[in-house]
Amino acid sequence: MKKYSDRIRSVFSHFQAKLMLAFLICTLLPLGIIGFIFYHVTYQIAEDKIMTSALLADDQLNVQMNDRIRQTENVADSIQYDMYTLSQTDSSSTQSLSVFGSVRNDISMFKTTFGYYHISIFLPRDQTGADEGLYFYPLEELESFRIPEKKRLNPGTDSIWFYHPDMQIPFILSEGYTARDVLVCCRLLRNQGTGATEYAYTILIDPSEFSDALADTFSDTDITSYLAAEDGTIMAHSHGALCGTSLDADTLNLITKEETGTLKEGDISYHTARLDNGWYHVTEIPGSYIRKNTQILLKTLVFTLLVSLPLTVLVIIMISGNLAKRLKKLSLAMETFHLGKSAHYTVPELAPPAKSPSSYDEIDRLGVTFRNMQESLNQNMDSILELSLSEERLKYQLLQSQINPHFLYNILGSVKTCISLRRLETAEQMISDLTQFYRLTLRKSGDLIRIEDELEIARLYLEMEKLCHKDSLTWEIHAEDGIQNFLICRFTLQPFLENSIQHGISRQTPCVHISLDVSYGDDTVIITITDSGAGIAPRQLEELRATLKNKTVDHQKHFGIGNVNKRLSSPSFGNGTVHVESRLNQGTKIIITFEQMEDSDEESNDRG
């Protein structure tokens, strides 16, 4: 036993054997564990990706269908107004025919413009046009519609949505007079005193309009998507033949219990969303669909692991042998150095003269680096000193680079809003002002610029905001004589002006006036920005003052003000301070104080 133990020790006394064993243990064991974890994690990621993709398509469908439902509700509101006008007209007067004709034209226009299957109006028989027969019918014919009894007795002011099978409309409007299943949006008006129905109207929609959208979204998949009413009636289905059928009680209870969200029951994941008219949009994603789409990926991963394992072992053996050989040579070189050889001694075979320095590997360079270590340390100390001297300037440049995109993002958002509102002249003027704005700011390349230039930048920004807010925004700028020639940290005023506008204009303070005053202090410059806006709530004011006191820059809160405060507080930029005073609905005052800094050859900006 001792003989075998000594032999094992002898084998592993060599560095190469130890290195190879360590490589094998530290590589194969983690590789096996990582492969096992990676297998399961990859499967979960693939499953999440497939679910996310399906749910994203589902959410887009919700937007599309809600848009159609809201459109129909808006049409119903318009018809409601027409019906009120018609009901207030004396049917015996000649004016009633004119009103009836106008209402009939509106109904025809709604049907044609919005692509409805049909629109039907039900009036009392004594009402003008009740027997028109195309769009207008006697009120008693409303009985042919299968309006849910509960909703019919208590219609309120909301629309009644339900499914009507085998609906027929006049042959003039329907080829072949063919009956068709339809979705019905119905409104009833009852007399509050007698309870009798005064009039009603219905908007008919072809279920295939929704079914086709569901089918197109999830074509060539095992995913099922449908719209269901509160009573379980399927209003539309990705398989059109199922329209008008009913959900089983278990499925109905499941989707009504979780009106919005995703849940899993058995091997099926249900994604449910409640539409604006009370329908449930349900998408069923079977587990088989997810497994089918992940099998190829999982097989590829397993195959890759099986192939990589033997290759990994072979590479480890080759690398460990080569590395052990090179390290042995390096060890000999280090021993030679410790035996009193000169530090400039050329390490044998580690950096051979025939080998180009550009082709040295890490071990070659380790020998050369060891030889030149003392010189490198001295050079590094000099570099550290130089870096510490420029640290403050780098911090400023970082903060400056952050605030420009933040400002540009907000201005471009305003331009986009003007374009969306068809205010093209305003958008064009804003772009022109923005061009002039950046021409000025980019031309001033230094960290410090004259107050005169900073005020011009502020004026350009206010002009751009004025285009958006029109009469809601006014301002005045005042600077004491000669103070414009002092220097200020570039891009200081714009974030404060932006806060005064964006957070100052509110329902209580629809118009904001901004006053910007630059005056002398005791060897300082004092800039006061006062607005008549909405002010800052006490809690938010405390948070803002804490940000200013701690000189922090938070990208989520008070980014612009924190950024300016951080830059101004630097000794290079005047040891400035920012103080905020504010009261709700009475306005905000910003006081910026910094040391007077005069222009010099080192600090001068390009004024060309």
Side-chain angles (χ1 to χ4, degrees), residues 393 396-408 410-411 433-466 473 475-502 514-521 523-531 548 553 559-580 588-600 602-608:
R393 183 179 182 87
Y396 166 79
Q397 292 174 349
L398 175 61
L399 291 171
Q400 181 66 39
S401 67
Q402 290 173 333
I403 196 167
N404 277 318
H406 175 80
F407 159 74
L408 182 58
N410 290 339
I411 289 298
D433 288 345
L434 184 62
T435 302
Q436 184 180 358
F437 178 90
Y438 269 101
R439 183 180 294 115
L440 177 62
T441 56
L442 294 177
R443 179 165 58 88
K444 304 299 178 181
S445 57
D447 300 333
L448 294 170
I449 64 174
R450 294 196 309 165
I451 292 177
E452 179 182 16
D453 295 326
E454 181 69 8
L455 291 178
E456 177 63 14
I457 292 173
R459 186 193 66 78
L460 285 172
Y461 171 74
L462 290 171
E463 290 290 350
M464 285 185 280
E465 289 290 353
K466 175 71 172 180
L473 175 63
W475 73 86
E476 59 179 342
I477 299 177
H478 175 263
E480 293 187 4
D481 292 339
I483 202 168
Q484 300 96 322
N485 295 319
F486 286 113
L487 299 179
I488 187 173
C489 184
R490 186 156 59 100
F491 224 68
T492 294
L493 301 179
Q494 183 276 330
F496 295 102
L497 298 174
E498 180 180 352
N499 276 4
S500 293
I501 297 170
Q502 299 298 330
I514 298 176
S515 176
L516 197 160
D517 181 78
V518 186
S519 59
Y520 291 99
D523 295 326
T524 60
V525 175
I526 301 174
I527 298 178
T528 305
I529 303 173
T530 307
D531 67 65
L548 297 176
V553 180
F559 169 72
I561 294 178
N563 189 303
V564 172
N565 182 65
K566 177 71 173 179
R567 290 185 289 133
L568 282 175
S569 64
S570 170
S572 302
F573 306 111
N575 290 310
T577 61
V578 179
H579 178 68
V580 181
T588 301
K589 177 188 287 187
I590 307 293
I591 303 173
I592 305 170
T593 305
F594 56 92
E595 297 173 356
Q596 295 176 1
M597 296 175 287
E598 295 183 352
D599 203 353
S600 67
E602 295 180 355
E603 296 173 329
S604 61
N605 295 282
D606 179 15
R607 302 176 191 172

Checklist entry - What pair of heavy atoms forms the shortest contact from Cys489 to Arg567, and how long is it? => result SG-NH1, 3.3 Å
Checklist entry - Between atom OG1 of Thr492 and atom CZ of Phe594, what is the distance when rounded to the nearest 0.5 Å? => result 7.0 Å
Checklist entry - Got a donor-acceptor contact below 3.5 angstrom from the Gln494 side chain to the Ala458 backbone? => result no
Checklist entry - Would you call Glu463 and Lys466 a salt bridge, taking side-chain N to carboxylate O under 4.0 Å as the test? => result no
Item to check | Closest contact, heavy atoms only, Tyr461 versus Ile501 | outcome: CE2-CD1, 4.1 Å
Checklist entry - Stepwise, does the side chain to side chain contact (heavy atoms under 4.5 Å, CB included) test hold for Phe486 with Glu598? => result CA-CA 5 Å; Phe486 286 113; Glu598 295 183 352; 3.7 Å; yes
Checklist entry - What closest approach, in Å, do Ile526 and Gly521 show between heavy atoms, and which atom pair accounts for it? => result CD1-CA, 3.9 Å
Checklist outcome for this item: Between Leu462 and Leu473, the two heavy atoms sitting closest are O-CD2, 4.2 Å
Checklist entry - What's the spacing between Glu454 CD and Ile527 CD1 if we round to 0.5 Å? => result 7.5 Å
Checklist entry - Tell me, do Leu497 and Trp475 make a side-chain contact under 4.5 Å, heavy atoms counted? => result no
Checklist entry - If you take all heavy atoms of Ile483 and Tyr520, which pair is closest and at what distance? => result N-OH, 3.1 Å
Checklist outcome for this item: Between the CD atom in Glu595 and the OG1 atom in Thr577, the distance rounded to the nearest 0.5 Å is 10.0 Å
Checklist outcome for this item: Rounded to the nearest 0.5 Å, the NE2 atom of His579 sits from the CG atom of Leu548 at a distance of 9.5 Å
Item to check | Ile457 side chain reached by Leu493 side chain, heavy atoms, under 4.5 Å | outcome: no
Item to check | Side-chain (Asp531) to main-chain (Thr588) donor-acceptor, under 3.5 angstrom | outcome: yes
Checklist entry - Is there a donor-acceptor pair closer than 3.5 Å between any side-chain N or O of Ser570 and the backbone N or O of Lys566? => result no
Next on the checklist: I'd like to know whether Asp517 forms a side chain to side chain contact (heavy atoms under 4.5 Å, CB included) with Thr530, so could you lay out the CA-CA distance, the side-chain angles of the two residues, the decisive distance to 0.1 Å, and finally the verdict.
Outcome noted: CA-CA 9 Å; Asp517 181 78; Thr530 307; over 6 Å; no
Checklist outcome for this item: Output for pair (Ile449 CD1, Leu487 CG), nearest 0.5 Å, gives 9.0 Å
Checklist outcome for this item: For Thr524 and Gln596, the nearest pair of non-hydrogen atoms, with its separation, is O-NE2, 3.0 Å
Next on the checklist: Rounded to the nearest 0.5 Å, what separates atom CD1 in Ile529 from atom NZ in Lys589?
Outcome noted: 12.0 Å
